[in-house]
Amino acid sequence: MLEASLKELEASARARIVSASSAQELEAVRVEVLGRKGVIAGISKQMAGLPAEERSAVGRHLNAVKRALEAEFAARQAEFAEARLAARLDTEWVDLTLPAPGPRPGRMHPITRLQCEIEDLFLSMGFAVLDGPETETEYNNFDALNIPRDHPARDAQDTFWLKGETLLRTHTSPVQIRGLAKLKPPLRMIAPGRVFRNESVDASHEHTFYQVEGMMVDREVSIAHLIYYMKAMLTGLFHREVTVRLRPGYFPFVEPGFELDIHCLICDGAGCPVCKQSGWVEQMGCGLVHPNVLRMSGLDPDVWNGWAFGLGLTRLAMMRYGIDDIRLLQSGDLRFLYQF
Ligand code: FA5
């Protein structure tokens, strides 16, 4: 009796294994047949009532059916796993014959590159490179530079004021004051950095831009030294003769003061939006350090004098790389940046 139902069980289980249409359906059949409370376990329990001789024969048959079905289940499970893998490979594939993309190293921003070159140039001429904070005191940004509170020159640099008597520095000149306090004269220093002005933005004006400050203080410093160093810097940067012109310029911290312009290299002087059709681009202010500035920093202007300049690094980068809109430099546009 049990033998007959074993045969029937084996045949029907095989048929259901073959016809199972999914791994889940197959698993349900396996639990029903081979599980702890399954059909085979049930038959096994019924064997207890059989005479000993018959029990061992049925037992052997039962084990053989169980092993055969286990093998059938395993084979069918493997088929489903393989089909799953094949479906995945159809959608997720990699073309191993494609060339590797290779590392994409970062590159230096044009302003950073120019800044490094200027630092190297001045280091080679014996200058120290100083750093100053972007958040400055009103005293260092204005007062110590001979720009008292009610002085109209404060309005010329639209200031982002912060709490207390602090501000976002409007120029790198406050690092002159820090330099005078830190390095005792004779001294030569430059200070590159970011500055901020509450200005409307156009092709040649940014609210956030870069400058490089430079200063030399010694016993007998003249305008001839200033012109020499400015020319040395511009020739070093442009690797060619750059036409410059000096105009009288007013900065309360220098006397006499000048504006140094360079011939527009974008349009070769013909006129373009960057040079406002004038053929010249203002690059820096410069002059001899005002006696009041030296005095406020504790130096005797009868013993010491010096020159100073403040260069527009962002505008210089535009000239150097032929960039006709200052806004591109801080746009973060990778199409623009990957050109350098
Ligand atoms: C100054 O900032 C003075 N501190 C420079 C100085 C230093 C004079 C030492 C004398 C002695 P000015 O405001 O002109 O000066 O700015 C200097 C340069 O920064 C300009 O020649 C120009 O190249 C650049 N610059 C000024 N405003 C902007 C702006 N909005 N966007 C981009 N560059 C600017």
Side-chain angles (χ1 to χ4, degrees), residues 111 114-115 118 132 136 140-142 144-147 151-160 167-180 189-217 221 223 225-227 229-230 233-234 237 244-262 264-265 273-276 278 280-290 292-294 305-320 323-330:
I111 292 180
L114 201 52
Q115 179 179 325
I118 292 176
E136 255 301 356
N140 281 346
N141 197 83
F142 291 126
L145 288 164
N146 199 29
I147 316 175
H151 197 289
R154 287 208 182 191
D155 303 334
Q157 298 188 356
D158 298 307
T159 310
F160 287 112
L167 43 82
L168 290 180
R169 65 178 176 188
T170 56
H171 51 175
T172 40
S173 297
V175 193
Q176 282 187 27
I177 306 306
R178 293 175 179 274
L180 286 167
M189 54 149 278
I190 61 159
R194 197 159 58 151
V195 302
F196 310 85
R197 291 186 195 176
N198 194 356
E199 286 198 23
S200 6
V201 171
D202 62 26
S204 56
H205 290 83
E206 261 290 5
H207 49 72
T208 302
F209 57 100
Y210 289 80
Q211 287 188 340
V212 180
E213 195 73 13
M215 182 171 68
M216 176 174 174
V217 175
V221 170
I223 292 171
H225 293 116
L226 169 66
I227 294 173
Y229 282 107
M230 296 304 94
M233 173 179 67
L234 291 167
L237 290 178
V244 301
R245 73 175 183 190
L246 276 183
R247 288 180 285 123
Y250 175 67
F251 302 95
F253 32 97
V254 286
E255 179 55 38
F258 307 101
E259 295 273 7
L260 188 146
D261 302 337
I262 69 171
C264 184
L265 300 175
V274 171
C275 63
K276 298 218 170 74
S278 72
W280 295 93
V281 179
E282 174 194 313
Q283 283 298 335
M284 62 182 109
C286 52
L288 295 185
V289 181
H290 198 289
N292 285 350
V293 174
L294 295 171
N305 64 337
W307 56 254
F309 73 89
L311 166 81
L313 188 55
T314 310
R315 294 228 182 119
L316 193 66
M318 293 171 76
M319 286 295 114
R320 162 81 172 264
I323 299 161
D324 62 3
D325 194 321
I326 199 168
R327 290 163 286 203
L328 285 166
L329 283 156
Q330 292 187 124

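Atoms within each ligand, like the ligands themselves, are counted from 1 in listed order. Numbering of residues begins at 1 and proceeds along the displayed sequence.
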- Task: Indicate yes or no: does Arg178 engage Glu136 in a salt bridge with an N to O separation below 4.0 Å.
- Result: yes

- Item | Smallest separation among heavy atoms of Val175 and Met189, with atom names | O-CE, 3.9 Å

- Message: Quick check on the 6.0 Å ring-centre criterion: do His171 and Phe253 meet it?
- Response: yes

- Answer whether the closest heavy-atom distance between the side chains of Arg169 and Phe160 falls below 4.5 Å. no

N/O pairs closer than 3.5 Å, ligand 1 and protein:
unit_1   : atom_1 : unit_2 : atom_2 : d
ligand 1 : 2 (O)  : Arg197 : NH2    : 2.9
ligand 1 : 2 (O)  : Gln211 : NE2    : 3.1
ligand 1 : 4 (N)  : His171 : ND1    : 2.8
ligand 1 : 4 (N)  : Ser173 : OG     : 2.8
ligand 1 : 13 (O) : Arg197 : NH1    : 2.8
ligand 1 : 13 (O) : Arg197 : NH2    : 3.0
ligand 1 : 16 (O) : Gln211 : NE2    : 3.3
ligand 1 : 19 (O) : Gln211 : NE2    : 3.2
ligand 1 : 21 (O) : Glu282 : OE2    : 3.0
ligand 1 : 21 (O) : Gln283 : O      : 3.3
ligand 1 : 21 (O) : Met284 : N      : 3.4
ligand 1 : 23 (O) : Glu282 : O      : 3.3
ligand 1 : 23 (O) : Gln283 : O      : 3.2
ligand 1 : 30 (N) : Glu199 : OE1    : 3.2
ligand 1 : 30 (N) : Glu206 : O      : 3.0
ligand 1 : 31 (N) : Glu206 : N      : 3.1

- Message: Can you tell whether the side chains of Asp158 and Arg197 come within less than 4.0 Å, N to carboxylate O?
- Response: no

- Item | Full working for side chain to side chain donor-acceptor pair (under 3.5 Å) between Asn198 and Thr159 | CA-CA 6 Å; Asn198 194 356; Thr159 310; over 6 Å; no

